[in-house]
Amino acid sequence: MKDKIDAGKTAIGIEFGSTRIKAVMVDDTGAPIAEGSHDWENQYVDGIWTYSLDMIWDGLKKTYSSLREDVETKYSTVIKKTGAIGISAMMHGYMPFDKDGKLLVPFRTWRNTITEEAAKELTAEFGFNIPQRWSIAHLHQAILNGESHINDISFITTLAGYIHWSLTGEKVLGVGDASGMFPIDSRECDYNKDFIEKYDSIIHGKTIPWKLKDILPKVLSAGEAAGVLSTEGAAMLDESGNLEAGIPLCPPEGDAGTGMVATNSVAVRTGNVSAGTSIFAMVVMERPLSAVHEEIDVVTTPSGDDVAMVHCNNCTSDINAWANVFKEFADAIGAPLDTNKLYTTLFKVAEKGDPDCGGLMGFNYFSGEPVTGFDEGRPVFMRGIGSSFNLANFMRLHLYSAVSTLKVGLDILFKEEKVLVDKLYGHGGFFKTKEVGQKILSAATGRPITVMSTAGEGGAWGIAVLALYMLQGSGKSLSEYLGESIFNGEAGDEVIAGDADIEGFDSFMELFRAAMPVEKAAITAISN
C-alpha cells in the first residue's frame, strides 16, 4: 500500500457534516485505507445557525492533519500527492461574497428556518417547490428584508463550493449540490433557464446590479474535471507543507449526493435514507412529480437525474440528549459505560417495546421542521395516565420520533405520487446498531431497508469515490461504474418489519398528528 500512496494511486474525500468533518483516503479500487476526522458544532448567533470561517478552516486543517497522521502511522510514509481530491459538505444555505472574495454575512446553514416568505413566493412563481433552506430562498429573503449587502454580491455558493473555490480558484459546483441552490433542468444538467429568467424579472426594478446566472457557480456533472489544487490551496489544506499542488479535484458535491454514492443508489428506482443529526430520503424518479408538494424537494443525483427528496431537520439529537442522561446516571452509580455499549443497549431494548410505543408520544424538534409546518422546535415527551411507561417503550418512542416526520413526506411520495422504489438503503448513525434502525424505518415505510457494508464509511468515502470516478470512469455512467468497479455486486443486509410493527407505527402516527398542537404550545410557552 505504501507504494500506491507514494505513486499517488489513491484519492482523498473530505466531507463537512453537521457535527463531524471526515477525510477518507481510498486506493485505486475504492477501498478505504486511511481516515481522519474532527468534531465541530454549529453556533446559534444573533438568531442564525452558523459556522464561522475560522471554524471551517481550522476544522479542515485538523481533519487533513488527522488523515496525514493515520497514513504515517499505518504505512510509514508521507502524503505528497494523490490521484484526485473531492470536497463535500452539507447542502443548501447561503454564502454570499463580494468582488474581493469577502463573505458579506455569516454563513447561514440549512438548519435555519427564516425564509418562509421568500420560499412561498418563489414556489408560487415557479410552480416548483422551493424549500426554506435552499440558497435561492435565502438570497430572495435577504432582498425582501432590504439587507444592505445585496448590491455588493459578486458570487454565492454552498459550503462545499466555497472550500473548493478556495483550494482551486474555480467557482463550480456538482449538479447535485447545485440542485439545492436553484432548480435544475435534468435534461441539460444546468440551472433551469426559464426559472432563471423568471427570477430576474421578479427582482427587476429593485436596482440590483447583477443577474442571477452571473452570481451562481458553474454546474458540473460527476466525472468532469473541476480544477486543480493551487499552491495556496495546498498550503491551506496541509500545514506540514508536504502536499503538492496540481492535484485534480472533482466537482464539489452535497452530502445528499455523496450518500447516494455511498449506498449505490444513483440508479432510477433506487433510494436511500441518511439518518444522523438530520434525516432525509432520496428516491431517483422515473418521471416528474404530478404536483407541487411543499414536503418534497426535487434535486438531482451527482449525474443530474431527478430525485425526490424529503428532508427533515431533526433526527438523532433528542436520542443523543437522552442517552447522555442515562450516561450521567451510570456514572453517578459508579458503573460507567462506553459510548458504543450505551447506544447499543438502548437501541436493543427498544426492540422489546410495544409496536405503538405503549401510548407514549414525543417530538424530537430541536429546530424548525418545515415538513410539518414548524418554524421553531422544542423537544417534547408526553404520556397519558394509562400509557405503558417503561424503558423499552420510552426508547422505542424516541426511535419512532426520529423518523416520524420523514414518514409524513414519504407517505405523500409513495401513496399520492405512486413513486416506485425497488431498493431503499439506509446509512448514518441511526443504523449503527445492527438491524434495529432498519426495522424501525421499515415499519415507517412499509418497505425492506438495506444497509451496505460500506454505508458506515459515509459521505467522505462517497466523495472519494466520485474523485476516483473522475479518473477512471471514462465511457461509463456513474451507476455502471459503481456497480462494476466499487460494489462488485454486493447486495447488503436487508431487514423488513413485521405486520404488527407496521400497524403499530401507523397507530403511533395517528397520535403523532393529533399531538401537534402540544408541540405548538411548547414553542409558545418555552423560550428557545
Side-chain angles (χ1 to χ4, degrees), residues 91-92 110 113 115-137 140-141 175-176 178-199 201-202 254 256-257 260 265 267-273 278-301 304-313 368-375 403-422 424 444-447 506 509-510 512-513 516:
M91 288 178 68
H92 316 297
W110 59 270
T113 49
T115 66
E116 182 178 11
E117 181 184 3
K120 284 185 175 180
E121 179 179 323
L122 294 178
T123 296
E125 289 284 352
F126 294 160
F128 182 98
N129 184 37
I130 302 295
Q132 289 200 49
R133 65 186 178 281
W134 279 32
S135 305
I136 188 60
H140 194 56
Q141 190 66 55
V175 64
S179 70
M181 292 192 76
F182 192 85
I184 293 291
D185 181 343
S186 60
R187 297 165 299 181
E188 301 291 334
C189 281
D190 202 354
Y191 303 114
N192 186 301
K193 291 183 176 62
D194 292 339
F195 292 170
I196 289 278
E197 292 176 3
K198 181 167 283 191
Y199 187 75
S201 69
I202 291 170
M260 299 178 81
S265 52
V268 170
R269 290 178 60 160
T270 62
N272 79 88
V273 174
S278 63
I279 184 169
F280 54 85
M282 310 279 290
V283 178
V284 188
M285 299 185 292
E286 294 178 287
R287 56 172 177 78
L289 297 177
S290 64
V292 176
H293 303 277
E294 291 186 1
E295 301 87 351
I296 301 172
D297 307 7
V298 177
V299 292
T300 77
T301 69
D305 293 316
D306 282 336
V307 176
M309 179 182 190
V310 179
H311 184 286
C312 308
N313 290 344
E369 200 58 88
V371 168
T372 45
F374 289 92
D375 292 331
V403 302
S404 56
T405 305
L406 183 75
K407 178 175 173 58
V408 173
L410 287 180
D411 279 353
I412 295 171
L413 192 65
F414 294 148
K415 295 179 180 180
E416 293 184 26
E417 286 287 347
K418 309 296 183 185
V419 170
L420 299 176
V421 58
D422 297 328
L424 196 57
T445 62
R447 287 163 171 76
D506 287 341
M509 287 301 297
E510 290 181 16
F512 177 82
R513 294 175 189 273
M516 283 186 182

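In this structure the side chain of Met282 never reaches within 4.5 angstrom of the side chain of Ser265, judged on heavy atoms. The shortest side-chain heavy-atom distance between Tyr199 and Glu125 does not fall under the 4.5 Å cut-off. Side-chain contact between Val403 and Ile279 is present, with heavy atoms from C-beta onward closer than 4.5 Å. Inter-residue side-chain proximity for Lys418 and Arg287 is flagged as met; some heavy-atom pair is nearer than 4.5 Å. Counting heavy atoms from C-beta outward, Trp134 and Phe182 have side chains that stay 4.5 Å or more apart. For the pair Ile296/Leu289, a side-chain contact is recorded, criterion being any heavy-atom separation below 4.5 Å from C-beta on. The shortest distance between side-chain heavy atoms of Thr123 and Val292 falls below 4.5 Å. The closest side-chain heavy-atom distance from Ser290 to Glu417 is below 4.5 Å.
The closest side-chain donor-acceptor pair between His140 and Glu117, if any, does not fall under 3.5 angstrom.
Ion pairing between a basic and an acidic side chain is recognised when a charged N comes within 4.0 Å of a carboxylate O; Glu286 and Arg269 show such pairing. Salt bridge Glu197/Lys193: absent, no basic N to carboxylate O contact under 4.0 Å. Ion pairing of Asp411 with Lys407 is present here, as a side-chain N (NZ or NE/NH1/NH2) and a carboxylate O approach within less than 4.0 Å.
To the nearest 0.5 Å, atoms CE (Met309) and CG (Leu413) are separated by 12.5 Å. For the atom pair CE of Met91 and CG of Asp297, the computed distance is 8.0 Å after rounding to the nearest 0.5 Å. Remark: Phe280 CZ to Asn272 CG distance equals 7.0 Å, nearest 0.5 Å. Note that the OG atom of Ser201 and the CD1 atom of Ile196 stand 11.5 Å from one another [nearest 0.5 Å]. Note that the CZ atom of Arg447 and the CG atom of Leu410 stand 8.5 Å from one another [nearest 0.5 Å].
Residue Glu121 places its CD atom among more than 12 non-hydrogen atoms of other residues, nucleotides or ligands, all under 6.0 Å distant.
The two atoms that bring Asp305 and Val284 nearest to each other are CB-CG1, 4.1 Å, heavy atoms only. Of all heavy-atom pairs between Cys312 and Glu369, the closest is CA-OE2, 3.2 Å.
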Exercise. I would like to know whether Val283 and Val307 meet side chain to side chain contact (heavy atoms under 4.5 Å, CB included); could you show each step before the answer?
Key: CA-CA 5 Å; Val283 178; Val307 176; 5.5 Å; no

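In this structure a side-chain-to-backbone donor-acceptor pair under 3.5 Å is missing from Ser278 to Asn313.
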